[in-house]
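The block underneath contains the structure these notes are about, expressed in structure tokens.
In what follows, residues are counted from 1 in the order of the sequence shown.
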Amino acid sequence: MDVAASGAPASERSAAPAPQPVLVVLLVTSALCSLALLLARAFTWPAQGRPRAFEYLFLRNEPTAAWLSCAIILGAALAATGVRSLPDRMFVARLARDPRAFIACITAALIACALLVYRGHPLSMDEYAPVFQARIFARGALVAHVPPIRWFIEASPDGRLVSSYWPGFALLLAPFAWLGAPWLLNPLIGGATLLVIWRIARALWPDTAAAGWAVLLTAASPAFVVNAISLYSMPAHLLASLCFAALLLDPTPRRLFLAGAVGSLALTLHNPVPHTLFALPFIVALAVRPGRVGKLGALAAGYLPGIALLGAGWFWVRAQIGGNPETVAVGAGALSVLTRLAFALPSASSFWSRGVNLAELALWAVPGLLALACIGAVWRRSEPAVGLLTASALLTAVAYVFVPYDQGHGWGYRYFHAAWGALPLLAAGALEHPRAVAPLRKTALIGALASLLLGNGLRLGQVRSFIDSQLRQIPSAPAPARLEVVFLRPDRGYYTVDLVQNDPFLDGSRWILLSRGPDEDARLMARFPGARRVVRTTVGELWQAD
């Protein structure tokens, strides 16, 4: 299976250009922005407090983003008609020839934003779990151990703790956790992702500027940027998907084995569903072509060691640890993933959630990117690689319609992120197709540059303000002490349970624990000499001990 075959049929190359694609991009983008605004207006706020994280983040962030997206795409289209000498091909072609300086600048910016915007802080438990496990690995252990106190959510009554997710992403994080900088991994993964996208586009459409378009459209999309400064496993899923696809562009035995090795890591990053959905079309394509036995064998040989070690091995580790009522519900190992992500027939709630996700898919990308990707999928449907990327993206999108859960916290359509790389690649294929007229390319360039600055700027501001508001819920001490203990009420504030983050072995001078009420908290602190309550807020208390 050589999926690197490129180029359009002669009949398509000779077709006269038409201006309709610009109108399609405008209409589709405006429709998706309108969908976001309609969904936001249709939502009913609860009588007290905030809605759940998924709804709250959508209502908080997306209306403003929808208006900005509309303004960018309309402004770009108008500017494109009035600017005749815009060097769109020259600019993007230069990026296609050598993107190293651009990628280095973007990577440096991601590193800075991981600290200045994201605060190097795991916002949700989906981010904290792999960081927690990485710190365990960095100490040369498989499980953590703390005193068996019920103020902490322990994995077993004797105080042993372990992440409920599979360990692949935690292993990647472990060296950075050892250095005290787990926040550094995802920005570096972001830089590597840009490089792999450039290589794929250059292999698919050589002697064009497609590789430059792919890099620019990716870097200018807030879904890529914000996830790359977070502590989610989504950027690693995206990079693994792109590496898997890149290796199968020319499926030699060695590349097939490497693709399987990458796939085994992707399966165990945190759960196997994202990679399974992305890889399935590629595996089916191998299975229906000549030489299938040898190719599938080489691919399986690459998968086997990682699955045995990180999958079955981790299942065995999890099975050794008993649970308590707080953690037993999530199960253990591979079976817990299947239980939590059980498929079900769509309901009104899941349709609402996926409608929100569709709007977010558009609003967290360069304005018009989703429409351009669809155009590229249609115009280049005869190219094998395009068909596989399209199938992976569609399978991922359709499969999650049958997942009866919203994504909770997350930036953009988090569930789709493993397949997100298909969008800038397909869009790049559209912009370098013979049917692409100059106004379409100029609109895309102006929109991408505006999104690089304005779109990313808006999202970075939204993310920082939300994280800061969450961190302000933790009481702060008026003066330092040898030991600080914070008790947070899980029934107060907003997702205060996500703030219960500690060293896996309770090393350090500050603990954040779940409150069991003022009296119970005071009895615990009576064990520490000189313990005294110094701050009390509506969501918790801060104690200090000598």
*Quick check: does any side chain N or O of Ser221 sit under 3.5 Å from a backbone N or O of Val366, one acting as donor and the other as acceptor?*
yes

_Donor-acceptor contact present, side-chain Ser392 to main-chain Leu389, <3.5 Å_ = no

*Nearest heavy-atom pair of Leu217 and Ala427: which atoms, and what distance?*
CD1-CB, 3.8 Å

*Between Phe466 and Tyr56, what is the ring plane arrangement, given parallel below 30°, perpendicular above 60°, and tilted in between?*
tilted

*In terms of the angle between their ring planes, are Tyr165 and His270 parallel, tilted or perpendicular, with boundaries placed at 30° and 60°?*
perpendicular

*Hey, mind stepping through His237 and Phe278 against ring pair (Phe, Tyr, Trp, His ring centres under 6.0 Å) and telling me if it holds?*
CA-CA 10 Å; His237 274 292; Phe278 182 85; over 10 Å; no

_Using 30° and 60° as the class boundaries, would you call the ring planes of Phe282 and Phe244 parallel, tilted or perpendicular?_
perpendicular

*Hey, does Leu277 have a side-chain heavy atom less than 4.5 Å from the side chain of Tyr415?*
no

*Approximate separation, where rounding is to 0.5 Å, of Cys113 SG and Asn186 CG*: 13.5 Å

*Considering all heavy atoms of both residues, which atom of Gly429 and which atom of Arg380 are nearest to each other, and what is their separation?*
O-NE, 2.7 Å

*For Ala220, does its backbone N or O pair with a side-chain atom of Ser451 as donor and acceptor, under 3.5 Å?*
yes

_Closest heavy-atom pair and its distance - Leu425, Ile197_ = CD2-O, 3.8 Å

_Residues, nucleotides or ligands: over 12 heavy atoms within 6.0 Å of Arg52 CZ_ = no

*Distance-only, no hydrogens or angles: does the Arg255 side chain make a donor-acceptor pair with backbone N or O of Asp250 under 3.5 Å?*
yes

*Distance only, no hydrogens: is a donor on one side chain within 3.5 Å (strictly under) of an acceptor on the other, for Ser124 and Tyr232?*
yes

*Under 3.5 Å: donor-acceptor pair, side chain of Trp183, backbone of His121*: no

*Hey, are the side chains of Trp213 and Arg441 touching, using non-hydrogen atoms and a 4.5 Å cut-off?*
yes

_Side-chain (Arg292) to main-chain (Ala287) donor-acceptor, under 3.5 angstrom_ = yes

*Check Gly421 against Leu238 and note the closest heavy-atom contact, atom names and distance.*
N-CD1, 3.3 Å

*asked:* Pairing donors with acceptors under 3.5 angstrom, does anything connect the side chains of Ser465 and Arg60?
replied: yes

*Give the minimum heavy-atom separation between Val463 and Val226, together with the two atoms involved.*
CG2-CG1, 3.7 Å

*Going by heavy atoms in the side chains, are Val356 and Phe43 under 4.5 Å from each other?*
no

*Going by heavy atoms in the side chains, are Leu231 and Leu123 under 4.5 Å from each other?*
no

_Looking only at the side chains, is there a donor atom on one of Asn357 and Arg354 sitting less than 3.5 Å from an acceptor on the other?_
yes

*Sub-3.5 Å donor-acceptor pair from the side chain of Ser30 to the main-chain atoms of Leu27, do we have one?*
no

*So do the side chains of Leu440 and Leu372 get within less than 4.5 Å of each other, counting heavy atoms only?*
yes

*Report yes if the side chains of Tyr413 and Trp420 come closer than 4.5 Å at any heavy-atom pair, otherwise no.*
no

_Using every non-hydrogen atom in the two residues, find where Ala236 and Leu172 come nearest and quote the distance to one decimal._
CB-CD1, 4.4 Å

*Examine distances only and state if a side-chain atom of Gln462 and a backbone atom of Asn61 form a donor-acceptor pair shorter than 3.5 Å.*
yes

*Check: Asp468 and Arg119 side chains under 4.5 Å, non-hydrogen atoms*: yes

*Please check if the side chain of Arg414 supplies one atom and the backbone of Met234 the other of a donor-acceptor pair under 3.5 Å.*
no

_Does any part of the side chain of Leu286, heavy atoms only, come nearer than 4.5 Å to the side chain of Leu256, both counted from C-beta?_
yes

*Donor-acceptor contact below 3.5 Å, side chain Thr29 vs main chain Val25*: yes

*Any idea how Tyr118 and Trp411 line up, ring-wise: parallel (<30°), tilted (30 to 60°), or perpendicular (>60°)?*
perpendicular

